[in-house]
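Quick notes on the structure that follows.
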Amino acid sequence: MNSPIYTSEPAATRALAAEIRHNPQDFLDLISLKIGCTVKDFQTVACEEAERTDVVVTANDENGDVIRIGIEAKFDHIVTRDQLERESRVVDFLLLLVKDERDAIDFVKDVSGVLLWDEVLRCFNESRLTEADIRSIQVPRSTTRHMFRQLKDDMSAYMPEDEWDFNVSVGGSGRPTLSFESREQFHDSSAQDEGDNRRIRGHVAVKGRGTLKNVEEEHYEIFLGIEVPLDAVNFPSPESNIRPGWIDALDTLDCDVLEKNAERVEDLELRRRSGKRVSGKYKENKKPLADKYLSGRGYLVQGYTDGWALGVRSRSLSFDELPEAAQTLALMVSQWAACYRD
């Protein structure tokens, strides 16, 4: 078997353009099916024309009018609606070309149709661009997003979607995250402030920043915590003797949830690591408050002092460990929420 040659997105899309130019008819027939309009009389094909659309095919429609069909190939880079809107303005039809139809789920309404690489390659006899070439192009971000969407479906058995908001996205780190939060705000009965209502939040995420490597080489984590706005109410001076409401919420998490799942908690090392001391207005009070009111259980104050959530974080997990870890996470989330509903 020949080794892959076109092993990057630019190389693959240019090779595709060459195949279209050499033998366009079957490809035009496929496009016709996708856009519901007869495409015939091939004229030209170009790469990265206006708005840097990957491939633009110029041909005639059934009335003999000239039409331009843009093809945006998405492997593992981030495609945005703004990008697709800009490209749509410079062509008559825009098609999204993907390896897996799941990669197009979020953009079906933004394009004229979706093409799959395997059906495109079947349009060309003895194509120099092969399925082996396409398989060789790594898509760790897409693979991770597919996994996270499956985890979301699995977690909903414990966390019904009418009670929990899920979001699979690419965060500021450039890496996929499956985040969730309760639609309901919860109040701990022992909290000093009767108006102290908070959402339970958490995530399954890829650790680190920047471009992903192969999914088997990456490290993942789960996080579960409670909403903690960054302000003087939630991070008072320890000398004030004011016990903020998140203290009680995390104490409930520890005593009523982590303790009940001790074996899995130990395996995930949710009680092993302590939250780091941080500097900055209000933030600097996090660790002293935990030392004072949580008896030094610093593992309960990991997370995010930007206002999102404080809670527990797992050890580094492998890709294969994610399904079981996410199931444990969902179970603990449902148990924690039940503490406020019973």
Assess the residue pair Trp117 and Asp133 against the criterion (side-chain contact (heavy atoms from CB on, under 4.5 Å)); give the C-alpha distance rounded to whole Å, side-chain angles, the decisive distance to 0.1 Å, and a yes or no. CA-CA 11 Å; Trp117 273 103; Asp133 292 315; over 6 Å; no
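- Transitive grouping of hydrophobic side chains (ILVMFWY, heavy atoms separated by less than 4.5 Å) brings Leu268 and Val301 into a common cluster.
- Formation of a donor-acceptor pair under 3.5 Å by the Asp61 side chain with backbone atoms of Asp65 is found in this model.
- No salt bridge links Glu218 with Arg141; every basic N to acidic carboxylate O contact stays at or beyond 4.0 Å.
- Considering all non-hydrogen atoms of both residues, Pro236 and Ile242 come closest at CG-O, 3.7 Å.
- The closest donor-acceptor contact from the side chain of Asp267 to the backbone of Glu263 lies at 3.5 Å or more, if one exists at all.
- A salt bridge between Glu266 and Arg272 is present, with a side-chain N of the basic residue lying under 4.0 Å from a carboxylate O of the acidic one.
- Phe93 and Val56 are assigned to two separate hydrophobic clusters, defined by single-linkage of ILVMFWY side chains at heavy-atom distances under 4.5 Å.
- Side-chain atoms of Arg297 come within 3.5 Å of backbone atoms of Leu294 as a donor-acceptor pair (strictly under, hydrogens ignored).
- The closest donor-acceptor contact from the side chain of Asp54 to the backbone of Thr13 lies at 3.5 Å or more, if one exists at all.
- Looking at Arg128 and Glu19, a side-chain N of the basic residue comes within less than 4.0 Å of a carboxylate O on the acidic one, giving a salt bridge.
- Looking at Glu259 and Asp254, their side chains never come closer than 4.5 Å, going by heavy atoms from C-beta outward.
- Between the Ser295 side chain and the Asp291 main chain, no donor and acceptor come within less than 3.5 Å of each other.
- At a threshold of 4.5 Å between non-hydrogen side-chain atoms, the residues Val39 and Val57 do not count as touching.
- Remark: Thr130 OG1 to Ile5 CD1 distance equals 7.5 Å, nearest 0.5 Å.
- For the pair Val98 and Phe75, the minimum side-chain heavy-atom distance is 4.5 Å or more.
- Close placement of the Phe223 and Tyr304 rings is indicated, their centers lying within 6.0 Å of each other.
- Side-chain atoms of Asp103 and His146, non-hydrogen and from C-beta on, do get closer than 4.5 Å to each other.
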Given Glu87 and Arg52, is the salt bridge (charged side-chain N to carboxylate O under 4.0 Å, His left out) satisfied, shown in steps? CA-CA 8 Å; Glu87 293 179 6; Arg52 302 196 65 181; over 6 Å; no
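- A donor-acceptor contact under 3.5 angstrom links the side chains of Asn261 and Gln335, judged on distance only.
- The main-chain N or O of Glu239 is found under 3.5 Å from a side-chain atom of Ser237 such that the two form a donor-acceptor pair.
- Exactly one of Thr53, Leu28, Leu95, Val55 qualifies for a side-chain contact (heavy atoms from CB on, under 4.5 Å) with Ile69. That residue is Leu95.
- Side chain of Thr80 to main chain of Gln83: a donor-acceptor pair is present (N/O by atom type, distance under 3.5 Å, no hydrogens or angles).
- Scored by the ring-ring contact (aromatic ring centres under 6.0 Å, His included) test, Phe319 finds Tyr220 as partners (sequence neighbours excluded).
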Given the rule in the side-chain contact (heavy atoms from CB on, under 4.5 Å) test, do Glu85 and Asp110 qualify, once you have shown the distances and angles that lead to the verdict? CA-CA 7 Å; Glu85 183 178 345; Asp110 302 294; over 6 Å; no
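- Electrostatic pairing of Lys74 and Glu9 does not count as a salt bridge here, judged by no charged N lying under 4.0 Å from a carboxylate O.
- Side chain of Lys292 to main chain of Pro238: a donor-acceptor pair is present (N/O by atom type, distance under 3.5 Å, no hydrogens or angles).
- Judged as a side-chain hydrogen bond (donor to acceptor under 3.5 Å, both in side chains), and not counting sequence neighbours, the contacts of Asp76 are Ser142.
- Using a 30° and 60° split on the angle between ring planes, Phe180 and Phe166 fall in the tilted class, from 30° to 60°.
- Interatomic distance, CD1 of Ile226 versus CD of Gln185, reported as 9.5 Å (0.5 Å rounding).
- Taking CG of Leu30 as the reference point, atom CZ of Arg122 lies at 9.0 Å (rounded to 0.5 Å).
- Val312 and Tyr340 end up in the same hydrophobic cluster when Ile, Leu, Val, Met, Phe, Trp and Tyr side chains are linked at under 4.5 Å.
- The distance from the OG atom of Ser334 to the CG atom of Leu329 is 10.0 Å, given to the nearest 0.5 Å.
- Atom CD in Glu216 sits 4.5 Å away from atom CG in Asn214 (nearest 0.5 Å).
- A salt bridge is defined here as a Lys NZ or Arg NE, NH1 or NH2 lying under 4.0 Å from an Asp or Glu carboxylate O, and Asp92 with Arg68 fails to meet this definition.
- Taking the charged nitrogens against the carboxylate oxygens, Arg264 and Glu269 have no contact shorter than 4.0 Å, which rules out a salt bridge.
- Residues Tyr6 and Phe27 are members of one and the same hydrophobic cluster, defined by side-chain heavy-atom contacts under 4.5 angstrom among Ile, Leu, Val, Met, Phe, Trp and Tyr.
- Every residue meeting the side-chain hydrogen bond (donor to acceptor under 3.5 Å, both in side chains) condition with Asp106, not counting sequence neighbours, appears here in chain and number order: Arg145, Arg149.
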Check step by step if side-chain contact (heavy atoms from CB on, under 4.5 Å) holds for Val170 and Thr177. CA-CA 6 Å; Val170 176; Thr177 298; over 6 Å; no
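- Within 6.0 Å of the CD atom in Glu62, the count of heavy atoms belonging to other residues, nucleotides or ligands exceeds 12.
- Here Arg341 pairs with Glu184 in a salt bridge; the nearest charged N to carboxylate O distance falls below 4.0 Å.
- A salt bridge links Arg135 to Glu131: at least one charged side-chain nitrogen sits closer than 4.0 Å to a carboxylate oxygen.
- For Ser182, there are no side-chain hydrogen bond (donor to acceptor under 3.5 Å, both in side chains) partners, not counting sequence neighbours.
- Look at Arg86 and Asp82 and you find no salt bridge, because none of the NZ, NE, NH1 or NH2 atoms lies under 4.0 Å from a carboxylate O.
- Using a cut-off of 4.0 Å between Lys/Arg side-chain N and Asp/Glu carboxylate O, Glu181 and Arg201 are scored as salt-bridged.
- Aromatic ring pairs are classed by plane angle as parallel below 30°, tilted from 30° to 60° and perpendicular above 60°; the pair His203 and Trp308 is parallel.
- Scanning all heavy atoms of the two residues, the minimum distance from Leu121 to Leu129 falls at CD2-O, 3.6 Å.
- Looking at heavy atoms from C-beta onward, Val333 lies out of side-chain contact with Tyr158 at the 4.5 angstrom threshold.
- Under a hydrophobic-cluster definition in which Ile, Leu, Val, Met, Phe, Trp and Tyr are linked whenever side-chain heavy atoms come within less than 4.5 Å, directly or via other members, Leu116 and Phe124 are assigned to different clusters.
- By the 4.0 Å N-to-carboxylate-O rule, Arg183 lies too far from Asp162 to be salt-bridged with it.
- From His219, atom NE2 reaches atom CZ of Arg315 across 11.5 Å, with rounding to the nearest 0.5 Å.
- Here the closest non-hydrogen pair linking Leu151 and Pro323 is CD2-CA, 3.7 Å.
- Every residue was checked against the salt bridge (Lys or Arg N to Asp or Glu O under 4.0 Å) condition with Arg209, not counting sequence neighbours, and none meets it.
- For Arg313, the salt bridge (Lys or Arg N to Asp or Glu O under 4.0 Å) partners are Glu221, not counting sequence neighbours.
- A salt bridge links Glu119 to Lys34: at least one charged side-chain nitrogen sits closer than 4.0 Å to a carboxylate oxygen.
- Here the closest non-hydrogen pair linking Val233 and Pro244 is O-CB, 4.1 Å.
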